[in-house]
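Since we're looking at a predicted model, the values are computed, not measured.
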Amino acid sequence: MAQRILQLAAQQNPDGLREALQGLSEAELGDMVTKQALRGRETAALLKGIFRGSPCSQQSGVLRRLQVYKHCVALVESGDLHVGKASEIIGLLMLEARQLPGHALAELATLFVEVIKGGSLSNGKSLELFSTVLTALSNSKESLAYGKGELNGEEFKKQLINTLCSSKYVHLCQLHLRFNRDIPLSGEELQFVVEKVLRMFSRLDLQEIPPLVYQLLLLSAKGSKKTVLEGIISFFNQLDKRQKEEQRVPQSADLEVATVPLDQLRHVEGTVILHIVSAINLDQDIGEELIKHLKTEQQKDPGKALCPFSVALLLSIAVKHRLQEQIFDFLKTSITRSCKDLQFLEASKFLQDLCPQQYDVTAVILEVVKNSAFGWDHVTQGLVDLGFNLMESYEPKKPFGGKAAETNLGLSKMPAQQACKLGASILLETFKVHEPIRSDILEQVLNRVLMKAASPVSHFIELLSNIVVSAPLVLQNSSSRVTETFDNLSFLPIDTVQGLLRAVQPLLKVSMSVRDSLILVLQKAIFSRQLDARKAAVAGFLLLLRNFKILGSLTSSQCSQAIGATQVQADVHACYNSAANEAFCLEILGSLRRCLSQQADVRLMLYEGFYDVLRRNSQLASSIMETLLSQIKQYYLPQPDLLPPLKLEGCIMAQGDQIFLQEPLAHLLCCIQHCLAWYKSTVHLCKGADEEEEEEEDVGFEQNFEEMLESVTRRMIKSELEDFELDKSADFSPSSGVGVKNNIYAIQVMGICEVLIEYNFSTGNFSKNRFEDVLGLFTCYNKLSEILKEKAGKNKSTLGNKIARSFLSMGFVSTLLTALFRDNAQSHEESLAVLRSSTEFLRYAVSVALQKVQQLEETGQTDGPDGQNPEKMFQNLCKITRVLLWRYTSIPTAVEESGKKKGKSISLLCLEGLLRIFNTMQQLYAARIPQFLQALDITDGDAEEADINVTEKAAFQIRQFQRCLVNQLSSGEDDFNSKETQLLITILSTLSKLLDPGSQQFLQFLTWTVKICKENALEDLSCCKGLLTLLFSLHVLYKSPVSLLRELAQDIHACLGDIDQDIEIESRSHFAIVNVKTAAPTVCLLVLGQADKVLEEVDWLIKRLTILGSDTSEDSTQASNQTQALEKGVILQLGTLLTVFHELVQTALPAGSCVDSLLRSLSKTYAILTSLIKHYIQACRSTSNTVPGRLEKLVKLSGSHLTPQCYSFITYVQNIHSESLSFAEEKKKKKKEDETAAISTVMAKVLRDTKPIPNLIFAIEQYEKFLIHLSKKSKVNLMQYMKLSTSRDFRINASMLDSVLQEQNTEDAENEPDNNQSSTTEQPDENQEPQKKRRRKK
């Protein structure tokens, strides 16, 4: 039969074909097609013949065609045919499909849907035909039966797609590909399909997700890009959260289904990100849509927008330059905004209660770095670029003409500095995780250190140090780059050089070539013309000496070495033998000896560095001591009776008219003293009996130094100021050569005295004679100090009140203070009484401690030995704090001040020192505050570190200062010390930061502060300001301060009176601290400042409300509850604030800052009220919500208690300004000279003070405008509570009008007839309306 059909088809005989086919049953027709297809011969010709003999005009032909289609689809899906033959059959069926009538297409399409739903498609070859059938069906115009009704072709297609997408069949990847290629889908259909596929994600195996995402991205070319991207991001965000939850609670019974393994999830995420990046490369609109979607979502819910998956996706796309700037700007904005929001929340308990959970984008980005370890190479470049972008955008700024602020002095709270720190963390963590990109990161860091020499680079050097610590040997592979960097050392600032060398120091221990190249560079730099280059050479050589130990040197632990960030545990002697190290170090010492003939700055670096070298490399002791001995002999006069003992004239150098310091003699002596003390206490004691010969040599210079220092001490005490050519009559003017020379001499002599004080006290072993020598040296020091202060005071120099930089070491200062104030040993009493008898010496000791603490607070280190050792500095601070605390609390200031002559009292200095120490601890040693507080508590010295309760310890210290403050406040007016009270308040404020805001101790402290403010009528403005600032800072961490502000505003109103002088105010007082002297401007400005902060919080909450209102997510119930809570909080805050302003706006405030601030705050209040009304207008548009009752009450309150009073206050302000103008006019008439300048000054002040008035009026009118809009939307008449606003163009003052009319009546009473006549004529006109204007004739 097949052959006959083929023959008839070849003869083009349709009638014969029709007759032949009519005799075939459905089974016979199918068998024929199958056999022909399996033989692979002329299958297409057979099918064409069948179709030609089955015209669509006849019902039998249509049925036969349907039978062929059904059979061919089954045949193709069976897999028995060759691929080419199957494609040939499907192609022919697709061509003929358009001939089928609508009902046949519908039947065929329905068959396909049933097959797909049944899951019987094996290879999906026939789906191409399905696409053609659906396309033809959509173009069909005839009515098709569907259920009980009829549909046209397009509607029928929609129903089929709906049925298909509603099925549970999940393997739809190929189907959607056909949709993408062939089927015309409307926007709604496409959206429906996309949403269906996205919902299927959760049912699929994770490995099936990437190909489905790929198909979706292809499909998104037709539309619904946002839905596709949003669905993919949301799906992986949920998976990440579930994975994190499982890691956090591994045994959680709540999790019904265990998530996939972590590594599998990360690899799938990486593949999906690659698919999206590839799609964006082909279609840039997807990238634009992604950024647009994330920006919109970030405004609503940052947690959904910036999850680890979306951030990784953004960073992968950022490699494309077209989108890089947009992405980095978006990420930087998100980071700073997140930091600001967190900072905002931390400062307010009110906000914490309303918005407990806040999103932290920094943690998310660092999580991306961690996730990128799972083969996400496409993310790493974006991470590196983002890290450097953040570090450069938010780097520390260099103040004009000053030194850049260091960023590593404690944890910074500023959002910009947190962003910079995040950039460094990203780079460091990326460096640790990704080995291939390490050299690139290192290269970029070194480039920035070199190229940004003019701007601060401390953050890059700190990053470099951390990088080297994390992978020390990585530098060995980049040694050539480091060597290139060394070539530029001469051109870098000395701070940068020191930081850079410390950072790369571990490489010098393992790479001889790098070390040799550095030495070559440094030796060249020593002879450079540039001073900075020579200083860099000295810094480099000292670093080498410290780190290349000679065998036999004491270990780091014996020397109490500071473990710095750049030190690496490496055994040097594994690389170099001791002989090589010794020769190497002696060679460097030889180079450094040449520097002893250079400028003072170079010598100074040497003297400050020798002690550290000695401490770290003790075998160099004899060489260094010999060098110092030969240097000091140039200036030492050995004759025992010769005064002075040192040649000061050799320390200066003249160039033309200018005098310079050539030899910092005091620093040289200081270096000798410290080195000798270390040598005697450490090396000398460690020497064995077998080293007698070497010991004899060493004793030689040791004895020389001791004899020299004792001789200098003896002769310095005997010397008079005239011996140094210094006395009260000497010239100390900095503008003359003689004055400069005398200043240099004075500073050197004072430094020498201090060095000798430390030497004699340290070696004196509490000998009375030695302590008398100490006092004698101090007398010499003090005389010079007083002269310099006196001269500086006459010259009005800013240095007049500052003492010169002290040469005493921090360790010695702590020892000295402990001995002076806390040493109760009987054997020491007689000798210490010598020093204790001098109040000046005691004050000097405390002043130096204060100076050292200040230096540590500002720079993170101090001068002298161990000044850069954080551990030693911490121990010294603890010792100093104990002494200062005991001294202040034991001896009242009032007792001490009765006998003092001039200068600050010791107690006051102790208090200043304590304040600086508490600040320094929180800045530099935040992690060690528990140990610090433990060290202060003598009663609990043996407690375990883990048992330390910071809040309890801090509360104990706070109670001591509370008692002192109460004593101050309860003392008489004559005994009250304003400065001390201010310091006590500031200390209490500083210590309060250590209390947990949720603790009982915090609440007790807050209650005590409120009580102090209520009961003490302080009239000192600074103390009043300090106390109220403390009160506000505590109150905001407990609850909102609006009720507190209302009471203070009532007190201000009562103190200053009302703007209407006829009104008597009820004499009530909540806070005694608010009195006539303090009410304005001090308390008033503080209250307004705090009110502005509350307004900022309310404004922030209203923005959150707007975001929640625009969120159309599924979880509407939770959003609704949160919205109601936020609305309630906002309205309550604003309601109480309105009562605050109600009081202040009726207060007779003096012209100036108070009035100006109040007007601005009122404008801000009305602007925020307007924002709230806009929010409710938007809510009424989106939902059918009515205006809540509490909002109605707020509007009523603003209309009755604020707006009318605002207009009265404006009139009051204009009146006081007009009075000042009239006063200026009178002054002008009386005094003609300078009249123009005087009147113009007053006019300018009036204009400046009245400038906020128009802004306030505009803000009120805007508020009323939007109230009208809300009234219309909500059908609630809110304007019934608002009175008609006063016209600002033409205003009648009623009281003034009454007085003028009364005067007129008294005048008219004298002429009664005229009065009666005039009144009769004018009376009718009073109640008449004005006549209408005549209409102009056309």
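Nearest heavy-atom pair, P645 versus S719, reported as atom, atom and distance to 0.1 Å: CD-OG, 4.1 Å. Contact between S831 and F771 at its shortest, heavy atoms only, is O-CD2, 3.2 Å. When every heavy atom of C595 is checked against every heavy atom of V602, the shortest pair comes out as CB-CG1, 3.8 Å. When all heavy atoms of G913 and V853 are compared, the pair lying nearest together is O-CG1, 4.5 Å. Annotation for I659 and V740: closest pair O-CG1, 3.8 Å, computed over non-hydrogen atoms.
Residue M810 forms a side-chain contact (heavy atoms from CB on, under 4.5 Å) with just one option from V848, D863, N876, and that option is N876.
Using modelled atom types, one finds a donor on one side chain and an acceptor on the other under 3.5 Å when comparing E858 with Q854. Under 3.5 Å, the side chains of T713 and N760 contain a donor-acceptor pair of N or O atoms. Between E725 and N742, the side chains place no donor N or O within less than 3.5 Å of an acceptor N or O (distance only, hydrogens not considered). With no hydrogens or angles considered, a side-chain donor-acceptor pair links R534 and Q599 at under 3.5 Å. No side-chain donor-acceptor contact under 3.5 Å links S907 and E980. Side chains of R843 and T839: no donor on one and acceptor on the other come within 3.5 Å. Side-chain polar atoms of R616 and N547 form a donor-acceptor pair below 3.5 angstrom. Side chain to side chain, Y679 and S618 fail the donor-acceptor criterion of an N or O pair below 3.5 Å. With no hydrogens or angles considered, a side-chain donor-acceptor pair links E663 and Q631 at under 3.5 Å. For the residue pair S809 and E758, a side-chain donor N or O sits within less than 3.5 Å of a side-chain acceptor on the partner. If you check the side chains of Q957 and Q960, you find a donor sitting under 3.5 Å from an acceptor.
A salt bridge links D866 with R615: the distance from a Lys NZ or Arg NE/NH1/NH2 to an Asp or Glu carboxylate oxygen falls below 4.0 Å. The pair K741-E649 does not meet the salt-bridge criterion, since no charged nitrogen lies less than 4.0 angstrom from a carboxylate oxygen. Using a 4.0 Å cut-off between a side-chain N of Lys or Arg and a carboxylate O of Asp or Glu, R928 and E871 qualify as a salt bridge. Between E710 and R770 a salt bridge is recorded (basic side-chain N to carboxylate O distance below 4.0 Å). By the 4.0 Å N-to-carboxylate-O rule, E702 lies too far from K680 to be salt-bridged with it.
Put simply, the side chain of N617 never gets that close to the backbone of R546: no donor and acceptor are under 3.5 Å apart. Panel note: side chain K872, backbone G811; no donor-acceptor pair is recorded below 3.5 Å. Within the 3.5 Å criterion, the main-chain N or O of L775 finds a donor-acceptor partner in the side chain of T779. A side-chain donor-acceptor contact under 3.5 Å links Q748 to the backbone of L665. Between the side chain of R887 and the main chain of F821, no donor-acceptor pair closer than 3.5 Å is present. Side chain of T859 to main chain of L856: no donor-acceptor pair is present (N/O by atom type, distance under 3.5 Å, no hydrogens or angles). With hydrogens and angles ignored, the 3.5 Å screen pairs a side-chain donor or acceptor of D723 with a backbone N or O of E720. Side chain of Y925 to main chain of P870: a donor-acceptor pair is present (N/O by atom type, distance under 3.5 Å, no hydrogens or angles). A donor-acceptor pair under 3.5 Å is formed between the side chain of S837 and the backbone N or O of V834. S762 places no side-chain N or O within donor-acceptor distance of the main-chain N or O of Y759, the cut-off being under 3.5 Å.
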Decide side-chain hydrogen bond (donor to acceptor under 3.5 Å, both in side chains) for Q703 and E707; before the verdict, give the C-alpha distance in whole Å, the side-chain angles of both, and the deciding distance to 0.1 Å.
CA-CA 6 Å; Q703 189 174 349; E707 290 175 356; 3.2 Å; yes
Between S806 and E754, is the side-chain hydrogen bond (donor to acceptor under 3.5 Å, both in side chains) condition met? List the steps.
CA-CA 7 Å; S806 176; E754 285 192 303; 2.9 Å; yes
For L908 and S905: C-alpha separation, side-chain torsions, deciding distance, then whether side-chain contact (heavy atoms from CB on, under 4.5 Å) applies.
CA-CA 5 Å; L908 210 53; S905 67; 3.3 Å; yes
Let's go through R715 and D641 carefully: what are the C-alpha distance in whole Å and the side-chain angles of both, what is the deciding distance for salt bridge (Lys or Arg N to Asp or Glu O under 4.0 Å) to 0.1 Å, and is it a yes or a no?
CA-CA 8 Å; R715 287 188 278 167; D641 298 326; over 6 Å; no
Tell me, with the steps shown, if S623 and L586 meet side-chain contact (heavy atoms from CB on, under 4.5 Å).
CA-CA 8 Å; S623 300; L586 291 175; 3.5 Å; yes
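Separation of atoms CG (L909) and OH (Y888) is listed at 12.5 Å; rounding is to 0.5 Å. Separation of atoms CG (L606) and NZ (K535) is listed at 12.0 Å; rounding is to 0.5 Å.
Proximity of the aromatic rings of F610 and H674 is defined here by a centroid distance below 6.0 angstrom, and this criterion is not met.
Counting heavy atoms from C-beta on, the side chains of C670 and P664 never come closer than 4.5 Å.
Between F778 and Y844, the two ring planes are tilted [angle within 30° to 60°]. Ring geometry, F761 versus F812: the interplanar angle exceeds 60°, so the pair is classed perpendicular (tilted spans 30 to 60°).
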